[in-house]
Amino acid sequence: MAKGAKLSWARSPFSRGPSSVEIVFSPDDPHLANPQAQTLGFLNASGTERVEFSLTLYQGSRSVFGRMRTSQGLYPRWSHSGELLFSIPGVPPTVRVIDHRGRMFGSRCDTLEQGRLTFDQEGNILAPFYQGSAAYQKYRGYAKPNSVLVARHDLKNCRIDGVFWLPIAADPRFVESIGESPSGWLVANFYDFEEHEYKILLYHPGEKVRRIFPGRHPSFSDNGEWLAYYRPDEYLVIHKVSTGEERPLVKVESQWDGMLWGSEFSMPGWSPDSEWLVYNDSFGRIYKIQRESGQRIYLGKGWSPDWR
């Protein structure tokens with residue numbers, strides 16, 4: 001994690017960068033381990049164009065378990081500049097980024113845990129420090145009581161490019177899907193052990209506004225005006241960031257009660273104009289839905305879609 005660390009990358013199938021098709025997704029069910037799975041899939045916004053890719057990936061290069069081969073990609077997300085982030089199953093290093101030139105980074109950087117990770121506005125990956133990690137020992141002096149310390153991870157150089165705090169008394173191991181809007185709002189999903197439910201923190205450090213409410217998998221719109229998330233009653237909801245007003249869009253179909261909290265789900269993806277959302281149900285069906293009208297259109301099979 002030292003500054004100036006040597007870049008280590010591999011060529012991906014995307015010689016000119018990730019696919020130009022705008023919606024990325026996981027082709028195979030995330031909760032079923034499948035070493036022969038397709039890695040990434042892409043759909044256009046009308047559902048008429050679909051392509052899938054299989055990448056040979058290795059996890060555990062710094063683990064006592066040794067290097068193990070897989071091809072399964074989990075929870076893909078676009079950066080604001082069009083780079084692609086995804087996880088693979090196993091032991092670290094399990095996080096990968098594909099840049100504009102088609103180079104893939106992360107196979108030698110085990111500072112991040114697998115999960116539903118997101119980019120900040122500069123293309124760094126947002127993730128909490130775990131207290132047992134070597135990185136935490138270096139930055140523990142920045143920690144504050146009743147707060148979670150978060151790092152901005154530069155995966156290409158395997159280093160940390162900044163830290164900040166989330167004002168929640170939570171176990172960092174149960175804080176996930178941290179997001180940041182262009183206007184400085186922060187969002188994080190965490191598990192509240194006292195009330196035994198997942199909650200969402202919506203926080204603006206400059207304006208000292210802090211809201212906490214039940215829910216899972218929050219996602220900012222590209223313009224930062226809206227937050228989409230899943231309520232405990234399995235509705236996909238849009239939340240007006242500036243006022244806190246919110247409206248349910250659709251009840252998401254599940255095979256079993258509580259499945260919106262499982263590995264089959266991740267943050268819904270927003271269209272660039274912030275007018276549409278793309279999401280999946282637990283049967284692996286991808287839909288897009290219009291923010292104002294609620295018009296819903298089926299796009300195809302897959303999980304964890306995100307819109308470029």
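Numbering of residues begins at 1 and proceeds along the displayed sequence. Everything quoted here is computed from the prediction, not taken from an experiment.
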A.B. asks: Side-chain contact test, heavy atoms from C-beta onward, threshold under 4.5 Å: evaluate it for L117 versus L85 and give yes or no.
C.D. replies: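 In short, these two side chains touch, coming nearer than 4.5 Å.
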A.B. asks: Go through the side-chain N and O atoms of Y191 and E176 and say whether any donor and acceptor fall under 3.5 Å apart.
C.D. replies: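 Not at all, the side chains of Y191 and E176 share no donor-acceptor pair under 3.5 Å.
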A.B. asks: Does any N or O in the side chain of R211 come within less than 3.5 Å of the main-chain N or O of V241, such that one atom is a donor and the other an acceptor?
C.D. replies: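 It does hold such a pair.
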A.B. asks: Are R67 and Y58 in a cation-pi setup, meaning NZ or CZ lies under 6.0 angstrom from the ring centre and within 45 degrees of the ring axis?
C.D. replies: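 Judged by the rule (NZ or CZ under 6.0 Å from the ring centre, within 45° of its axis), R67 counts as positioned above Y58.
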A.B. asks: Between E246 and I238, is there a donor-acceptor pair closer than 3.5 Å when you use the side chain of the first and the backbone of the second?
C.D. replies: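 Absent.
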A.B. asks: Are L202 and Y235 connected, step by step, through hydrophobic side chains (Ile, Leu, Val, Met, Phe, Trp, Tyr) whose heavy atoms are closer than 4.5 Å?
C.D. replies: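 Yes, one cluster joins them.
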A.B. asks: Taking the six-membered ring where the residue is Trp, are the ring centres of F14 and F53 under 6.0 Å apart?
C.D. replies: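 Here the rings of F53 and F14 have centres that are less than 6.0 Å from each other.
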A.B. asks: If you measure from CD on Q72 to OG on S26, what distance do you get to the nearest 0.5 Å?
C.D. replies: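 Result: 7.5 Å between the selected atoms.
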A.B. asks: Short question: side chain of D281, backbone of V252 - any donor-acceptor pair under 3.5 Å?
C.D. replies: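 Not at all, since once roles are kept as given, no pair shorter than 3.5 Å links the two residues.
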A.B. asks: Measuring from S221:OG to W270:CH2, what's the distance to the nearest 0.5 Å?
C.D. replies: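 Atom-to-atom, S221:OG and W270:CH2 are 5.0 Å apart.
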A.B. asks: Between S71 and L55, is there a donor-acceptor pair closer than 3.5 Å when you use the side chain of the first and the backbone of the second?
C.D. replies: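 No, the answer is negative, given that no donor and acceptor are paired below the 3.5 Å cut-off.
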A.B. asks: CZ of F193: more than 12 outside heavy atoms within 6.0 angstrom?
C.D. replies: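 Count over threshold, so yes.
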A.B. asks: Taking N280 for the side chain and E264 for the main chain, is one N or O donor matched with an acceptor at less than 3.5 Å?
C.D. replies: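 Indeed, once roles are kept as given, a pair shorter than 3.5 Å links the two residues.
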A.B. asks: Once rounded to the nearest 0.5 Å, what's the spacing between atom CG of D99 and atom CE of M104?
C.D. replies: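 So the CG of D99 and the CE of M104 are separated by 11.0 Å.
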A.B. asks: Any link between L74 and L57 through a network of hydrophobic side chains (Ile, Leu, Val, Met, Phe, Trp, Tyr) touching at under 4.5 Å?
C.D. replies: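 Hydrophobic grouping puts L74 apart from L57.
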A.B. asks: List the steps, then state whether salt bridge (Lys or Arg N to Asp or Glu O under 4.0 Å) holds for E52 with R50.
C.D. replies: CA-CA 7 Å; E52 296 180 9; R50 180 187 179 102; 2.8 Å; yes
A.B. asks: Output all residues satisfying side-chain hydrogen bond (donor to acceptor under 3.5 Å, both in side chains) with R173, sequence neighbours left out; order by chain, then residue number.
C.D. replies: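 Result, side-chain hydrogen bond (donor to acceptor under 3.5 Å, both in side chains) vs R173: D171.
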A.B. asks: Report the C-alpha distance between R152 and D120 in whole Å, list the side-chain angles of each, state the deciding distance to 0.1 Å, and finish with yes or no for salt bridge (Lys or Arg N to Asp or Glu O under 4.0 Å).
C.D. replies: CA-CA 8 Å; R152 301 181 187 273; D120 68 9; 3.0 Å; yes
A.B. asks: Supply the atom-to-atom distance E22 CD to N44 CG, rounded to the nearest 0.5 angstrom.
C.D. replies: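 Spacing of CD (E22) from CG (N44) equals 5.5 Å.
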A.B. asks: Could you work out, with side-chain hydrogen bond (donor to acceptor under 3.5 Å, both in side chains) as the rule, every residue matching H204, not counting sequence neighbours?
C.D. replies: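 In terms of side-chain hydrogen bond (donor to acceptor under 3.5 Å, both in side chains), with neighbours along the sequence ignored, H204 is linked to no residue.
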A.B. asks: For R69, look at atom CZ and say whether over 12 heavy atoms of other residues, nucleotides or ligands are found less than 6.0 Å away.
C.D. replies: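 Incorrect, the count does not exceed 12.
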A.B. asks: Parallel, tilted or perpendicular for W78 and F42, by the 30°/60° rule?
C.D. replies: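 The rings of W78 and F42 sit tilted, inter-plane angle from 30° to 60°.
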A.B. asks: Taking the six-membered ring of Y230 as reference, does the cationic atom of R216 (NZ for Lys, CZ for Arg) lie under 6.0 Å from its centre and within 45° of its axis?
C.D. replies: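 No, R216 does not lie over the aromatic ring of Y230.
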A.B. asks: Under 30°, 30 to 60°, or over 60°: which ring-plane class applies to F213 and Y229, parallel, tilted or perpendicular?
C.D. replies: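 Taking Y229 first and then F213, their aromatic rings sit tilted (interplane angle of 30° to 60°).
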